[in-house]
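Index from 1, following the sequence.
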Amino acid sequence: MIRSTPEENSMTTTNSHLPVQVQNVMQRHPVTIHDYQTVHDAVDLMTEHHVSALPVVDDGHYLRGIVTMSDLVRLVQDAERTLDSDLAIYDNSFLVADMIRETLGTDEIASVMSGVMFKVKQEDTLKTAAKVMVEHQLHHLPVVGKDMKLLGILSSMDFVRLAADA
């Protein structure tokens, strides 16, 4: 078994022993969605850009929330429950398809997003961010300025990338 020293396990820059800050690892230009866009728009953006979370912003690029693949899965589960309870009234398959489309896609993203519960600042350390992510089982953390303007996003993949580059 190979053991590493505490120095090897800490997230430090290569030339100093200062902790790595979020700004050194975060994705600076994340794909975002506006709060007035729809669930269909979110699915299209996630598919096109191969991402599993979208920070939700207003027109000023201020963070309003985040929508994740988990939020969309929950939406599908809710729609399935609705279909199960209402299926008897829909005997025509076209009506069922329309109901699915209406239930899943036309809602504004603001109605399905998670609010801004967890976020980090760019000057926070990766250790601080990692603790928040582990404690709350998050895979994405928006990075904001003092005024809540979105500056980037930190994902669990950023930690994997950091470890792979070490």
Side-chain angles (χ1 to χ4, degrees), residues 9-14 16-82 100-166:
N9 287 333
S10 67
M11 295 177 215
T12 58
T13 59
T14 55
S16 74
H17 293 292
L18 297 174
V20 175
Q21 293 181 321
V22 168
Q23 65 188 341
N24 299 109
V25 179
M26 72 182 193
Q27 301 162 42
R28 293 191 180 276
H29 302 288
V31 180
T32 61
I33 189 165
H34 283 86
D35 50 2
Y36 53 80
Q37 288 182 274
T38 67
V39 171
H40 273 295
D41 296 330
V43 170
D44 289 346
L45 284 167
M46 287 179 172
T47 303
E48 178 183 343
H49 296 282
H50 307 286
V51 297
S52 57
L54 298 167
V56 180
V57 295
D58 63 16
D59 286 333
H61 212 65
Y62 292 95
L63 184 65
R64 293 273 325 275
I66 189 167
V67 63
T68 66
M69 199 59 81
S70 295
D71 294 324
L72 298 179
V73 167
R74 216 172 359 268
L75 184 64
V76 169
Q77 289 172 333
D78 291 346
E80 283 179 352
R81 282 188 213 103
T82 301
I100 292 171
R101 217 175 281 112
E102 285 179 32
T103 304
L104 294 181
T106 58
D107 291 348
E108 284 189 0
I109 208 64
S111 68
V112 298
M113 71 182 189
S114 300
V116 183
M117 296 174 59
F118 305 102
K119 62 201 172 300
V120 290
K121 295 188 172 145
Q122 62 182 353
E123 54 276 351
D124 287 341
T125 65
L126 285 184
K127 184 175 183 176
T128 299
K131 284 182 177 182
V132 170
M133 292 172 84
V134 168
E135 182 177 334
H136 300 286
Q137 299 179 358
L138 304 172
H139 292 277
H140 306 87
L141 271 177
V143 181
V144 296
K146 292 177 183 148
D147 57 359
M148 288 296 286
K149 196 164 222 176
L150 182 69
L151 302 176
I153 194 165
L154 184 67
S155 73
S156 52
M157 187 55 74
D158 295 321
F159 286 96
V160 172
R161 194 175 300 110
L162 183 65
D165 290 343

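- Here the rule is side-chain contact (heavy atoms from CB on, under 4.5 Å) with Val57, and of Met148, Lys149, His34 only His34 fits it.
- No donor-acceptor contact under 3.5 angstrom links the side chains of His61 and Thr32, judged on distance only.
- We find that Asp124 and Lys121 are not joined by a salt bridge, their nearest charged nitrogen and carboxylate oxygen being 4.0 Å or further apart.
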Problem - From CA spacing to verdict: side-chain contact (heavy atoms from CB on, under 4.5 Å), Asn24, Gln21 - result: CA-CA 6 Å; Asn24 299 109; Gln21 293 181 321; 3.6 Å; yes
Practice task
Would you please test Phe118 and Ile66 for side-chain contact (heavy atoms from CB on, under 4.5 Å) and show each step?
Solution key: CA-CA 10 Å; Phe118 305 102; Ile66 189 167; over 6 Å; no
Exercise for the section: Show your working on side-chain contact (heavy atoms from CB on, under 4.5 Å) between Leu45 and Val51 and close with a plain yes or no. Expected result: CA-CA 8 Å; Leu45 284 167; Val51 297; over 6 Å; no
Can you list, pair by pair, the side-chain donor-acceptor contacts under 3.5 Å of residues 131-138, counting residues two or more places apart and other chains?
none

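- Expressed to the nearest 0.5 Å, how far NE2 of His40 lies from CD1 of Ile109 amounts to 11.0 Å.
- In this structure, CG in Leu126 is found 10.0 Å from CD in Gln23, a value given to the nearest 0.5 Å.
- For Gln122, the side chain to side chain donor-acceptor pair (under 3.5 Å) criterion is met by no residue, not counting sequence neighbours.
- From Met113, atom CE reaches atom CG of Asp35 across 6.5 Å, with rounding to the nearest 0.5 Å.
- A donor and an acceptor atom, one from each side chain of Thr47 and Asp44, are nowhere located under 3.5 Å apart.
- Each of Ser155, Ser52, Ser156 was scored for a side chain to side chain donor-acceptor pair (under 3.5 Å) with His140, with one residue passing: Ser52.
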Practice task
Using the side-chain contact (heavy atoms from CB on, under 4.5 Å) rule, take Ser114 and Asp71 through it: C-alpha gap first, then chi angles, then the decisive distance, then the call.
Solution key: CA-CA 8 Å; Ser114 300; Asp71 294 324; 3.3 Å; yes
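- Between Val25 and Phe159 there is no side-chain heavy-atom pair separated by less than 4.5 Å.
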